[in-house]
There are 2 protein chains.
Amino acid sequence: MSQDFRPDHICAKCGFRSSVFSKLTDEQLDRLTSNKTFHFAKKGEIVAKQNTPIKGFIFLRVGLAKLTRTNPDGREQIIGIATPNDFVGLLSIFSSKNYQYNIIAIEDCEYCCVDYNLVINLISTNGDFAKTLLEKISQVSDLMMGTRLDLELRQLRGRVAFIIFYFGNEVYKSHKFSLPISRREIAELIDMRVENVVRILSEFRRDNIIRIEGTTIEIVDPEKLHWIKMHG
Amino acid sequence: MSQDFRPDHICAKCGFRSSVFSKLTDEQLDRLTSNKTFHFAKKGEIVAKQNTPIKGFIFLRVGLAKLTRTNPDGREQIIGIATPNDFVGLLSIFSSKNYQYNIIAIEDCEYCCVDYNLVINLISTNGDFAKTLLEKISQVSDLMMGTRLDLELRQLRGRVAFIIFYFGNEVYKSHKFSLPISRREIAELIDMRVENVVRILSEFRRDNIIRIEGTTIEIVDPEKLHWIKMHG
DNA sequence: TACATATATTGATATATATCAGAGTTGATT
DNA sequence: AATCAACTCTGATATATATCAATATATGTA
């Protein structure tokens, strides 16, 4: 985890300006800019660790990260994937002094960390900002909960189709993309076993629904994939 | 859903006073009191309906309610149980104009409904209140998400044990209680089939872990139940 | 009371998923 | 080049869960 203050990075010009921080005054935004730190994380590096103190708000600018949870029995669970311009770990940031999840880069990442107390202060002094933040938190948690509930209804084929669809349509917005996570991680993300992930991917390939070359996946038959996602 | 203004119910003396509304001034609390409505809902009655406009913040005072979701394929999913002094439907209230879930009484309920715009106004004008509300929302969503993730890891026996434990320890705080939901509803809550709920309950009874008399359940062997909850 | 309707229960069977075993593949390190 | 570890893949088998069928029990209602 390297750090770089990058004075050239002005929060006002950042992608976040348009969403959560849109209601801040110029003065407040300046304060934000001078109280943030800029970081890099290489693929595999830990951005935040479960059960360690929350230092600040983490905003993912570039790359992908996974949110994971290590269970008492040692089993790893991936809760979700964070994409650029996401608040990460927003869910638990107000309910606990510690991160509830691990945040781990699954692609090389750039992210900002904004001081916790500054944001708390902004909430108290800027009601519109507080409201915008509430909306954002509500959206994030709603989306995550909805995704988990959707997944629970599906059986394995449907879940695998779901996750391929997700990366193709939501993350990379292309029918051909390089899967950023291993088969094991897919299994951890959609609550199944590695062998079955592999098996079903092979099945999809055999049925000409997808093409697989190394880590690259190409969706050949989106309609069939979508059907499986909905009815599999 | 009957309505009753009950002038004798002063928000300042309500259970909520101590949690979310603790940071309000007396004047603000007065405004709250005069802008809330008081309601009853009999067991089975709908308090709020999925995809209908959000009227206000619903605070459950007495009774239990279930949060449900009707899926495209008609399958019903219970997301969670709301207990007295809970905000209900808090998750999506800021992210959508419509309720994302149904709220249905599973016991006779009393609840308050506070005008949406008033709360929004309080957020903008009272930073400490905004912060408290953020914390509460964060807690609620964290708890719900954690519960879903916990359930996903378990197989059927573990899930059934989980839910009996939940009602005994969290809701009724007694080893003997009357189950407020049907077998079907248990199945919808922990994502399994009615027949298997029944089967596993019978199994628990046969193994002298619980006793069943009609809707009444008595936890006879809490240790064994807890073991199954954790390792089943 | 009698009827219709939802719920509860159990057993037999089919299906879905996990587990186990083994072999091929890749990537990093020495 | 050799080695190791993690990942990928496939087949055989065991286990968990869903489905189907049938009956019993409750619950509400005309």
Side-chain angles (χ1 to χ4, degrees), chain A residues 42-45 66 71 73-78 104 106 151-164 178-207 210-217 228 231-232, chain B residues 42-45 66 71 73-78 104 106-108 151-164 178-207 210-217 228 231-232:
Chain A
K42 282 201 174 302
K43 176 169 181 159
E45 281 184 338
K66 62 177 177 179
N71 287 94
D73 61 354
R75 212 168 139 189
E76 195 85 359
Q77 238 176 337
I78 300 182
I104 301 174
I106 55 176
L151 281 171
E152 284 177 22
L153 284 175
R154 292 173 164 77
Q155 20 193 68
L156 302 196
R157 272 162 202 78
R159 285 188 227 159
V160 173
F162 187 100
I163 214 64
I164 297 175
S178 171
L179 251 192
I181 57 178
S182 69
R183 308 289 189 259
R184 164 170 306 281
E185 287 172 313
I186 294 178
E188 287 168 355
L189 179 55
I190 58 182
D191 192 39
M192 51 191 283
R193 295 295 165 169
V194 189
E195 294 94 322
N196 289 324
V197 173
V198 172
R199 233 184 285 275
I200 289 168
L201 283 175
S202 303
E203 203 179 298
F204 286 178
R205 179 182 46 199
R206 197 177 54 244
D207 296 345
I210 59 173
R211 208 167 309 178
I212 309 176
E213 295 159 29
T215 62
T216 301
I217 289 203
I228 296 172
H231 309 101
Chain B
K42 281 202 175 302
K43 177 171 179 158
E45 281 185 338
K66 62 177 178 180
N71 288 94
D73 61 354
R75 212 168 139 188
E76 196 85 358
Q77 239 176 336
I78 300 182
I104 301 175
I106 57 176
E107 285 179 349
D108 291 353
L151 281 171
E152 283 177 22
L153 285 175
R154 291 172 165 77
Q155 25 192 64
L156 302 195
R157 272 162 202 78
R159 285 188 227 160
V160 173
F162 187 100
I163 214 64
I164 297 176
S178 171
L179 251 191
I181 56 177
S182 69
R183 307 290 189 260
R184 165 170 305 282
E185 286 172 314
I186 294 178
E188 287 168 355
L189 180 55
I190 58 183
D191 192 40
M192 51 190 284
R193 296 293 165 170
V194 189
E195 295 94 323
N196 289 323
V197 173
V198 171
R199 234 184 284 276
I200 289 168
L201 283 176
S202 303
E203 205 179 297
F204 286 177
R205 180 184 45 200
R206 196 176 55 245
D207 297 344
I210 59 173
R211 207 168 310 179
I212 309 176
E213 294 159 29
T215 63
T216 301
I217 288 203
I228 295 173
H231 309 101

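In what follows, chains are A, B, ... by sequence order, proteins preceding strands, each numbered from 1. Computed from a predicted structure; not experimentally measured.
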Close side-chain approach of A:Val160 to A:Arg157, heavy-atom, < 4.5 Å: no
Salt bridge or not for B:Arg154 and B:Asp191, using N-O below 4.0 Å? no
On DNA chain D, does the nearest nucleotide to B:Arg75 precede the nearest nucleotide to A:Ser202 from the 5' side, or the other way round? Give the residue. A:Ser202
Quick check on DNA chain D: between A:Ser182 and B:Arg193, whose nearest nucleotide comes earlier from the 5' end? A:Ser182
Whole-Å distance separating the [atom1] atom of [X] from the [atom2] atom of [N]:
X	N	atom1	atom2	result
B:Ile228	D:dA16	CD1	P	13 Å
A:Glu195	C:dG22	CD	C1'	12 Å
B:Glu213	D:dT25	CD	P	17 Å
B:Leu156	C:dA18	CG	P	12 Å
A:Gln155	D:dT17	CD	P	14 Å
B:Arg154	C:dA18	CZ	P	17 Å
B:Lys42	D:dT27	NZ	C1'	17 Å
B:Glu185	C:dT7	CD	P	8 Å

Mind checking if B:Arg159 touches a base, just sugar-phosphate, or nothing, with heavy atoms under 4.0 Å? nothing
By the 4.0 Å heavy-atom rule, please label A:Arg199 as base, sugar-phosphate, or nothing. base
[atom1] of [X] to [atom2] of [Y]: how many Å apart, nearest 0.5 Å?
X	Y	atom1	atom2	value
B:Ile190	B:Met192	CD1	CE	5.0 Å
B:Arg211	B:Ile217	CZ	CD1	12.5 Å
B:Ile228	B:Glu203	CD1	CD	8.0 Å

N or O in side chain of B:Asn196 less than 4.0 angstrom from D:dT17 OP1/OP2: no
C:dT19, C:dA8, D:dT19: which one has an atom nearest the side-chain heavy atoms of B:Arg183? C:dA8
Nearest of D:dA18, D:dT10, C:dT10 to any side-chain atom of A:Arg205? D:dT10
